[in-house]
Amino acid sequence: MRSAAVTVRPVRLLLVAAVLAAAVVALWFRWYGGVDVDEGWLLTVSWQVSQGLVLYKDIFEFHPPGAFHLLGELFRVVGPSLVAAKLFIIVVTLLTAVALDRLSRLLALQPWQRIAVIAVWGVTLTMFPLLTPNHLANLGSIWAVWLLVRAWRTQRPSAFAAAALAAAATAWIVQTRGLAVVLAGLAVVLTSRRRQWIGAYLGGLILAALPVLAFPPTTLWHVLVVVPSRYYLKSQYAAVTLPLLAGLLLAVIGVIAAWRRVRVRGFGPLWLTAALLAASIWSRAELPYLAQVLWPFPILLFAVLEHLPVTPTSRPVRVAGYYAGGVMAAQLLGWAALNSAASVAQIALPAWRQGGDVWSKIATEVQRRTAPGDPIFATPYLPGAYFFAQRPNATPYHTLVSEFHPPEVFAEVIARLEQVKPKVVLRALDSFAVARGFHRDGTVLDRYLDERYQVEVAAIGGYRVQLLRRRVDR
């Protein structure tokens with residue numbers, strides 16, 4: 001017994017060290033680094049929800065309400081605090097590392113393999129902003145899959161109900177990510193043909209769907225299904241190469257598992273979820289989005305290699321599998337290093353730090369020219385301006401990009417600006433939206449702003465962010 005305790009203790013210490021390493025990575029890149037535009041979007045909408053504004057009525061959105069109300073409730077308690085928001089997301093991320101480790105244990109991974117799973121996941125966390133609905137949905141999918149695999153192994157109806165609640169909660173954060181884990185759970189319970197499992201899972205989904213009653217069903221259908229399907233998928237589409245490669249890797253893992261008759265309880269549900277999660281990002285087929293759904297891959301690979309039957313052909317398969325896994329892990333680390341180079345520079349270089357804190361500089365310029373409660377407007381993609389300046393939006397739209405919003409939305413915004421007449425408007429030129437190809441400067445709104453406003457500040461924080469003041473005669 002003593003030797004077993006001595007053996008287990010270093011393993012536990014290594015697991016704790018892996019979790020602490022993930023915390024250090026999160027702090028380094030996401031605490032001291034700048035606030036991403038998408039993080040500013042979540043902060044602004046959540047703050048507005050905490051102020052009593054109603055989603056889909058006072059605020060245009062095509063994402064589910066979960067992330068905004070979650071952070072909004074935090075702001076109701078502590079006020080609109082960036083520090084509180086970052087602390088919240090880091091704590092929830094660290095707790096999710098525990099769920100990921102529990103999932104690895106359910107598939108009988110060895111301690112060093114569980115450490116590797118957490119380490120790989122920690123690397124992927126550096127590739128996407130943490131304070132976003134996408135990251136929260138990533139965390140929700142881990143909890144949902146852990147509960148699903150746990151239910152599959154325990155065979156308790158109550159466990160399937162809990163898995164359904166977690167899956168539906170993920171869908172309340174990001175539609176596609178949540179739909180992937182919901183469909184995986186439905187496939188598991190329906191193919192089991194056990195009425196108790198099916199009833200428990202469906203009951204959990206129905207219970208989680210009750211918040212729908214707080215919104216008009218037609219409104220939810222329009223903003224959560226029609227709008228993103230009609231505009232977002234087309235404008236944000238990049239390429240299918242990465243999801244196809246992920247699908248190929250999953251297919252290889254599945255073929256090896258079937259060919260060698262690997263039997264690990266929970267492998268099937270996890271494999272199916274991994275495939276659906278990879279498919280869920282097809283409209284944003286880019287490395288940062290793919291990194292968010294890679295977490296099941298090392299678990300599946302280790303589960304197959306660890307449980308190969310002892311045969312003459314097993315050893316070369318295992319060696320090849322570990323070699324391929326090591327190469328992919330090294331490639332992922334290289335991608336993460338390249339992707340995070342700007343964050344490292346932003347933290348380490350004083351010159352970059354002085355010019356890079358664009359949000360605080362925007363807030364200073366706006367607050368100098370407006371009083372609390374005075375509405376402002378920021379375009380095309382500066383949603384964080386409202387949160388950091390603590391000024392309301394003169395319109396319901398926090399972003400306004402030409403390849404996404406139809407002409408009638410631009411006309412609505414112009415009419416609202418003509419009615420409210422905000423003193424100050426912020427306009428970013430040659431923004432990342434232009435570089436990414438989903439916005440073109442020189443829209444009808446730009447022409448309206450050139451006519452009604454004059455440039456008072458040509459650049460803020462080293463960026464081409466103009467501060468416009470309304471002409472006295474207009």
Side-chain angles (χ1 to χ4, degrees), residues 11 14-15 17-19 21-22 25-26 93-94 96-128 135 138-139 141-146 148-150 177 180-181 184 242-243 245-257 260 262 264-281 287-308 317-337 339:
V11 169
L14 284 173
L15 286 172
V19 174
V25 168
T93 300
L94 291 178
T96 304
V98 177
L100 187 61
D101 179 59
R102 292 298 181 92
L103 176 60
S104 300
R105 290 179 61 184
L106 288 178
L107 273 78
L109 266 60
Q110 293 185 25
W112 75 268
Q113 295 168 334
R114 288 157 48 198
I115 294 171
V117 167
I118 293 179
V120 169
W121 184 60
V123 169
T124 65
L125 292 182
T126 67
M127 302 175 71
F128 200 90
H135 177 65
N138 179 30
L139 303 184
S141 66
I142 293 174
W143 285 96
V145 176
W146 169 53
L148 178 62
V149 173
R150 182 170 173 268
R177 206 71 50 80
V181 289
L242 290 174
L245 289 175
L248 178 62
L249 176 58
L250 275 177
V252 170
I253 292 175
V255 167
I256 294 175
R260 305 307 301 169
V262 174
V264 183
R265 287 187 62 83
F267 179 88
L270 181 59
W271 187 93
L272 177 60
T273 304
L276 291 172
L277 284 174
S280 73
I281 61 134
L287 184 58
Y289 285 86
L290 179 63
Q292 294 182 88
V293 298
L294 284 179
W295 59 265
F297 284 61
I299 303 177
L300 292 168
L301 181 62
F302 284 137
V304 167
L305 299 179
E306 185 65 24
H307 297 90
L308 284 173
V317 172
R318 184 177 287 109
V319 171
Y322 278 120
Y323 177 79
V327 170
M328 287 183 290
Q331 182 68 55
L332 182 64
L333 185 60
W335 283 338
N339 189 73

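Just so it is clear, the structure is predicted and the values come from calculations on it, not from any experiment.
Put simply, CD1 on I115 and CG on L109 are 11.5 Å apart, with the number rounded to the nearest 0.5 Å. For the atom pair CD of Q110 and CZ of F302, the computed distance is 9.5 Å after rounding to the nearest 0.5 Å. Rounded to the nearest 0.5 angstrom, L106 CG and L148 CG are separated by 11.0 Å. L294 contributes atom CG, which lies 10.0 Å from atom CG of L277 (distance to the nearest 0.5 angstrom). Atoms CG and CD1, on L290 and I281 in that order, are 4.5 Å from each other to the nearest 0.5 Å.
Annotation for W146 and R102: closest pair NE1-CB, 3.4 Å, computed over non-hydrogen atoms. The nearest pair of heavy atoms linking S104 to V117 is OG-CG1, 3.7 Å. The shortest non-hydrogen separation linking I118 to A97 is CD1-O, 4.2 Å. For L125 against H135, the heavy-atom pair with the smallest separation is CD2-CE1, 3.5 Å. Annotation for L276 and A180: closest pair CD1-O, 3.3 Å, computed over non-hydrogen atoms. Residues P269 and V149 share a closest heavy-atom pair of CB-CG2, 4.5 Å.
Put simply, the side chain of I299 reaches to within 4.5 Å of the side chain of L100, judged on heavy atoms. For the pair W295 and L103, the minimum side-chain heavy-atom distance is below 4.5 Å. When side chains are defined from C-beta on, L139 counts as touching T93, because their heavy atoms get closer than 4.5 Å. With a 4.5 Å cut-off on side-chain heavy atoms, W121 and N138 count as touching. Side-chain contact between Q292 and T124: absent, with no pair of heavy atoms (C-beta onward) separated by less than 4.5 Å.
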Next item on the list: Please lay out, stage by stage, how V293 and R177 fare under the test side-chain contact (heavy atoms from CB on, under 4.5 Å).
Entry: CA-CA 9 Å; V293 298; R177 206 71 50 80; 4.0 Å; yes

Next item on the list: Check the pair L270 / L300 against side-chain contact (heavy atoms from CB on, under 4.5 Å), numbers first and verdict last.
Entry: CA-CA 8 Å; L270 181 59; L300 292 168; 3.7 Å; yes

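Checked against the 6.0 Å centroid threshold, F297 and W271 do not count as a close aromatic pair.
Side-chain atoms of W143 and T96 include a donor-acceptor pair closer than 3.5 Å.
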